[in-house]
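Counting starts at 1 for both ligands and their atoms, in listed order.
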Amino acid sequence: MSGNVRPESMKRINTPELAEAFINEQVEAVREQVGDKKVLLALSGGVDSSVVAALLIRAIGKQLTCVHVNHGLLRKGEPEQVIRVFRDQMDANLIYVDAVDRFLDKLAGVSDPEEKRKIIGKEFIDVFAEEAKKLDGIEFLAQGTIYPDILESDGVKAHHNVGGLPEDLDFELVEPVKLLYKDEVRVVGKALGLPDNMVYRQPFPGPGLGVRCVGAITRDRLESLREADAIVREEIGKLDETPWQYFAVIPDMQSTGIKDGKRYMGWAVVIRAINTVDAVTAESVVLPWETLRTIRDRVIAEVPGVNRVLWDMSDKPVSTIEWE
Ligand code: XMP
């Protein structure tokens, strides 16, 4: 798709038929741009990169290589789902990179949030560039850029997104969804056959659980966060109307618990659920007591090391959505 301005005549893609038409058009455009050359894509499992992957698989099949970097900060089940959907079901060329130790070793002892973000961003680019250099004949780099990324180059996402690729990886970009809004990307993803929990995924920061395991990340606290987060998402996900974003946080502090008459120190899990239009302001969602109680009971029973469950009822401003 050429140009970075959405033509006024472009229809809002909000039906399966319009999505199909868009897909057909982009399949042709990508084939024309790429010819018989190879394309590389960093596939995080998020909506945008997943939709680009599915679209390119349809357009050019094995000419696309997807690289999925597991940095250890993904949510429960995410890497497995990327492999299942793209390698097993869509027969993609998928390179899975287990970089968990590499990231967690670099992050050990680092408590400053911006420093953590920088390390995660830089390490991600290094791992991806290393994988790219191992491959022969790649000439194109696909990206899940969407229209708000272009419009809001000074906005929240740009502020959070880190770095670019090293200059020696000089690829031409393939950005098939760059003129689409998020809701349109989801309609296209659905038409491409991606599962609902991928297409309707809530926003998830690039540094992932890294900014929700507050302070210096330790492996045991991170594992407990991953488990607690899965419970929080499962239980809140059962509500008829789900909030815009909901997740768990583990602060870097300990609190006293009591078991079999003995006191011991453990962690506290924080439940965060917010509604927002644009993530610039946000309102804490009033959750039913039933849901809160089930989360409390399950977290205490199922998550190692946790002896307290808290509910973050703060609005933005002044409290940001993420804790770091
Ligand atoms: P805050 O915490 O600034 O978050 O109120 C606003 C929105 O941005 C997401 N967020 C991030 N996204 N990289 C991202 O790609 C990041 O480092 C990052 N930090 C926050 C956050 O989840 C919320 O939706």
*Between the side chains of Asp312 and Ser284, does any donor sit under 3.5 Å from an acceptor?*
no

*Just going by heavy-atom distances, which of Arg117, Glu324, Glu322, Lys316 is nearest to atom 3 (O) of ligand 1?*
Lys316

*asked:* Would Arg87 pass as a cation-pi partner of Tyr96, given that its NZ or CZ must be under 6.0 Å from the six-membered ring centre and within 45 degrees of the axis?
replied: no

_I'd like to check which ligand 1 atoms, numbered from 1 as shown, lie under 4.0 Å from a non-hydrogen atom of Gly206._
13 (N), 14 (C), 15 (O)

_Per-atom contacts, ligand 1 versus Trp244 - under 4.0 Å to a heavy atom_ = 24 (O)

_Flag, side chain of Arg117 to backbone of Gly206, donor-acceptor distance under 3.5 Å_ = no

*Does Arg212 use its side chain to pair, donor to acceptor, with the backbone of Leu225 at less than 3.5 Å?*
no

*State the CZ-CD1 distance between Arg233 and Ile231, to the nearest 0.5 angstrom.*
11.0 Å

*Is Pro205 close to ligand 1, meaning an N/O of one under 3.5 Å from an N/O of the other?*
no

*asked:* In this structure, does ligand 1 have an atom that sits under 4.0 Å from one of the heavy atoms of Phe247?
replied: no

